[in-house]
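The figures that follow rest on heavy atoms only: side chains count, while hydrogens, waters and symmetry mates do not.
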Amino acid sequence: MEVIEILREASNRIYENVKDLAGTENAAGDFGVGAGGDISRNIDIIAEKTVLDYLREVNFECVVLGEECGRVELSNNPKGFIIMDAIDGSANAVRGVPFFCSSLAFAVENKLSSVTDGVITNLSNGEMYWASKGNGSFFNNKQIKVHSKDPIYKIIGINTSGASADLMRRLHPIFEKHDHIRHFGANALEMALFARGLMDIFIDLRNKIRIQDIAAGYLIVKESGGLLLDSYLKPLDADLSYETRVSFVAAANQEILDEIMSQIDS
């Protein structure tokens with residue numbers, strides 16, 4: 001099996017195992033702090049176990065870097081890394097807000113730029129976004145591209161959860177000048193929506209995002225023709241360490257990147 005097919009099947013299995021859990025008492029629970037630093041919930045544990053069980057079933061030789069389980073070595077001779085956030089948007093999932101997803105990516109080296117395959121599945125409805133390096137990005141079975149025309153409504157995504165007062169001050173001109181600013185609570189799925197052309201730019205400058213949150217979205221955005229940059233507006237890259245935190249900007253084109261980023265106060 002190709003790597004992308006393994007990731008897609010693992011994502012499908014997550015969906016089947018958690019689709020009826022969201023918003024129920026069984027979704028919650030406190031299983032301690034996971035490797036990514038957040039409290040692990042029951043729905044997180046079930047989703048991760050689903051992936052690990054499947055990878056063992058197909059004997060896929062890899063190292064898993066999970067949001068909750070941490071580093072799990074499934075081979076002494078791994079082909080690469082599975083970067084897993086089995087439930088992105090756990091707070092939404094626990095409360096029953098229908099915006100949460102799974103994010104699975106495969107990297108051949110210890111760098112974000114070495115990701116070759118990525119899958120993001122909307123776990124509220126089973127819709128799947130996926131990409132393999134050099135082959136484009138897809139929504140279910142239809143190829144997708146970032147929005148290329150002048151939009152009727154400019155949709156700007158900004159994640160400000162837990163942002164500092166200084167960052168909010170810097171971002172204030174964007175909020176003041178634009179009427180359609182969005183954040184839904186699951187970065188990976190928002191990156192997928194951006195890649196599909198449903199947002200024009202997505203900004204997260206909090207320096208809080210873990211690699212597990214964006215590894216699949218990284219490839220899906222790039223394969224859909226989007227720009228993906230760090231806070232210095234250089235091509236985004238990072239190692240796969242659990243200590244690594246990044247900021248990023250995903251933009252449909254240079255024009256909107258220049259327009260919106262010029263409005264951020266220094």
### Message
I'd like to know whether D166 forms a side chain to side chain donor-acceptor pair (under 3.5 Å) with S164, so could you lay out the CA-CA distance, the side-chain angles of the two residues, the decisive distance to 0.1 Å, and finally the verdict.
### Response
CA-CA 5 Å; D166 180 64; S164 67; 5.1 Å; no

### Message
Quick one, C69 with M84, criterion side chain to side chain contact (heavy atoms under 4.5 Å, CB included). Give me CA distance, side-chain angles, the key distance, then yes/no.
### Response
CA-CA 10 Å; C69 64; M84 172 173 68; 4.0 Å; yes

Consider only side-chain N and O atoms of [X] and [Y], and report whether a donor and an acceptor are under 3.5 Å apart.
X	Y	result
N77	S75	no
S103	D88	no
Q254	D258	yes
S90	D44	yes

Check: [Y] main-chain N/O paired with [X] side-chain donor or acceptor under 3.5 Å:
X	Y	result
S102	A86	no
N76	P78	no
W130	S137	no
K208	G162	yes
E190	G157	no

Do [X] and [Y] share a hydrophobic cluster, counting only Ile, Leu, Val, Met, Phe, Trp and Tyr and linking them when any side-chain heavy atoms are less than 4.5 Å apart?
X	Y	answer
I14	V3	yes
F184	I214	yes
L189	F248	yes
M261	V146	no
L55	V108	yes

Quick check: do [X] and [Y] have side-chain heavy atoms less than 4.5 Å from each other?
X	Y	result
I201	V249	yes
F139	M128	no
I209	S247	no
Q263	E176	no
L65	Q212	yes
L7	I82	yes
H180	I156	no
T160	M168	yes

### Query
Less than 6.0 Å separating the ring centroids of F194 and Y129?
no

So, for [X] and [Y], which heavy atoms are closest and what is the spacing to 0.1 Å?
X	Y	value
L104	S11	CD1-OG, 3.5 Å
Y54	M1	OH-CE, 3.5 Å
G118	I220	O-CD1, 4.1 Å
V221	A195	CA-CB, 4.2 Å
D239	I211	O-CG1, 3.3 Å
S161	N159	N-OD1, 3.1 Å

Measuring from atom [atom1] of [X] to atom [atom2] of [Y], what distance do you get when rounded to the nearest 0.5 angstrom?
X	Y	atom1	atom2	result
E9	I4	CD	CD1	12.5 Å
L227	L233	CG	CG	10.0 Å
I83	L112	CD1	CG	7.0 Å
L171	I181	CG	CD1	8.5 Å
R196	E127	CZ	CD	6.0 Å
I87	N92	CD1	CG	11.0 Å

### Task
Kindly determine whether D117 and K133 satisfy side chain to side chain contact (heavy atoms under 4.5 Å, CB included), including the steps that lead there.
CA-CA 6 Å; D117 301 89; K133 192 171 184 178; over 6 Å; no

Please determine whether a side-chain nitrogen of the Lys or Arg among [X] and [Y] lies less than 4.0 Å from a carboxylate oxygen of the Asp or Glu.
X	Y	value
K154	E259	yes
R13	E57	yes
D230	K234	no

### Task
Could you tell me whether R95 atom CZ has more than 12 heavy atoms of other residues or ligands within 6.0 Å of it?
no

### Query
Do the ring planes of H183 and F202 sit parallel (below 30°), tilted (30 to 60°) or perpendicular (above 60°)?
parallel

#### Entry: side chain to side chain donor-acceptor pair (under 3.5 Å) between N17 and T50, intermediate numbers included
CA-CA 8 Å; N17 285 348; T50 297; 2.9 Å; yes

#### Entry: Test log, rule side chain to side chain contact (heavy atoms under 4.5 Å, CB included), inputs E223 and F138
CA-CA 9 Å; E223 288 293 322; F138 294 83; over 6 Å; no

### Query
Should K149 and H147 be marked as a side chain to side chain contact (heavy atoms under 4.5 Å, CB included) after you check the CA-CA gap, both sets of side-chain angles, and the distance that decides it?
CA-CA 6 Å; K149 300 177 182 177; H147 193 87; 4.0 Å; yes

